[in-house]
Amino acid sequence: HSVYLAVMTDGAGTGRADRMDEEAKAARFLGAKKLFWGGFRDTELAPCRALIVAIENILKRVSPDVVLVNSPQDAHQDHEALARCAITACRYTPRVLFYHDYTTLNFEPDTFVDIGSVLKEKKRLLACHASQVQKQYPTGLDMLESVSSLAAYYGFMAKVRYAEAFKPLRNLIGV
């Protein structure tokens with residue numbers, strides 16, 4: 001697959017240079033063709049025309065077959081704003097799938113991908129984001145332990161060992 005990444009905020013709340021370096025490292029790990037930066041300030045993202053236009057401009061350059069975006073029901077204000085604006089910006093994108101992130105609320109997936117053969121690679125990818133992985137979370141679990149727990153839970157739902165879960169906004173399937 002040709003992978004493109006878009007990060008709409010600069011990570012300034014936790015060290016802009018570090019967060020940008022971490023994302024660049026993750027993009028290299030994935031073999032992403034391009035990493036787009038939105039230029040918005042961390043924790044200040046709001047649903048607005050400027051954000052919709054920024055997403056639309058990236059979509060015009062990439063013409064994706066599928067867009068993955070965090071669920072709009074989220075306790076983090078940036079995540080919620082991004083998902084709401086992506087819904088509008090992606091109105092002509094054939095496949096838009098919401099995923100569960102660390103702060104997602106009320107997620108009810110119905111589309112699953114078996115990730116049993118790549119869970120270790122997913123955790124290596126996430127480890128590129130050291131500032132996030134090393135945070136102390138209220139659950140007592142670190143981010144990588146939480147990813148494994150979610151993968152096992154969604155695997156149970158999908159009847160495989162480990163799964164990634166999605167909720168489609170739209171999932172146009174060609175025949």
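Residue numbers run from 1 in the order of the sequence given.
Under the 4.5 Å side-chain heavy-atom criterion for grouping Ile, Leu, Val, Met, Phe, Trp and Tyr, V53 is not connected to F40 through any hydrophobic cluster. With hydrophobic clusters built from ILVMFWY side chains whose heavy atoms lie under 4.5 angstrom apart, L144 shares a cluster with V118. Follow the hydrophobic side-chain contacts under 4.5 Å out from I52 and you never reach V96; the two are in separate clusters. Taken together through direct or relayed side-chain contacts under 4.5 Å among Ile, Leu, Val, Met, Phe, Trp and Tyr, I115 and V160 form parts of separate hydrophobic clusters. Linking ILVMFWY residues whenever their side-chain heavy atoms come closer than 4.5 Å, directly or via other members, leaves V67 and Y99 in distinct clusters.
Taking every heavy atom of both residues into account, A86 and V69 meet most closely at CB-CG2, 4.1 Å. Scanning both residues, A83 and P72, for their nearest heavy atoms gives CB-CA, 3.4 Å. Contact detail for P64 and P94: the closest heavy-atom pair is O-CD, 4.1 Å. Smallest separation of non-hydrogen atoms from M8 and I55: CE-CG1, 4.3 Å. L125 and A26 make their closest contact through CD1-O, 3.6 Å (heavy atoms, listed as atom of the first residue, atom of the second, distance).
To the nearest 0.5 Å, atoms CZ (F29) and CG (L126) are separated by 9.0 Å. Atom CZ of F98 and atom CG of D74 lie 11.5 Å apart (nearest 0.5 Å). Rounded to the nearest 0.5 Å, atoms OG (S71) and CD (E108) are 10.0 Å apart. For the atom pair CE of M20 and CH2 of W37, the computed distance is 4.5 Å after rounding to the nearest 0.5 Å. Here the straight-line distance linking atom CZ of R49 with atom SG of C85 works out to 11.0 Å at 0.5 Å rounding. Atoms CD and OG1, on E23 and T9 in that order, are 9.5 Å from each other to the nearest 0.5 Å.
Here the side chain of H76 pairs a donor or acceptor atom with the backbone of D78 at under 3.5 angstrom. Panel note: side chain E22, backbone S131; a donor-acceptor pair is recorded below 3.5 Å.
The salt bridge (Lys or Arg N to Asp or Glu O under 4.0 Å) search around E145 returns none, not counting sequence neighbours. In this view, Y154 and H100 satisfy the side-chain hydrogen bond (donor to acceptor under 3.5 Å, both in side chains) rule, not counting sequence neighbours. When the side-chain hydrogen bond (donor to acceptor under 3.5 Å, both in side chains) test is applied to E121, the partners found at least two apart in sequence or on another chain are R124. Listed by chain and residue number, nothing satisfies the side-chain hydrogen bond (donor to acceptor under 3.5 Å, both in side chains) test with K120 (two or more places apart in sequence, or in another chain).
Shown are D65, I58, L59; of these, the side chain to side chain contact (heavy atoms under 4.5 Å, CB included) with V62 is made only by I58. The one candidate from L45, L82, T43 that meets the side chain to side chain contact (heavy atoms under 4.5 Å, CB included) condition with Q77 is T43. Of the residues T104, N70, T103, the one that meets the side chain to side chain donor-acceptor pair (under 3.5 Å) test with H79 is T103.
Using a 4.5 Å heavy-atom cutoff, the side chains of V147 and L119 are in contact. When side chains are defined from C-beta on, F36 does not count as touching L5, because their heavy atoms never get closer than 4.5 Å.
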Fill in: Stepwise side chain to side chain contact (heavy atoms under 4.5 Å, CB included) test for V7 and R19
CA-CA 11 Å; V7 180; R19 293 287 298 278; over 6 Å; no
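Applying the side-chain hydrogen bond (donor to acceptor under 3.5 Å, both in side chains) test to every pair with at least one member in residues 50-62, sequence neighbours left out, gives these pairs: E56-R91. Judged as a side-chain hydrogen bond (donor to acceptor under 3.5 Å, both in side chains), the pairs with a partner in residues 163-175 (not counting sequence neighbours) are, in order, R95-N171, D110-K167, K122-E164.
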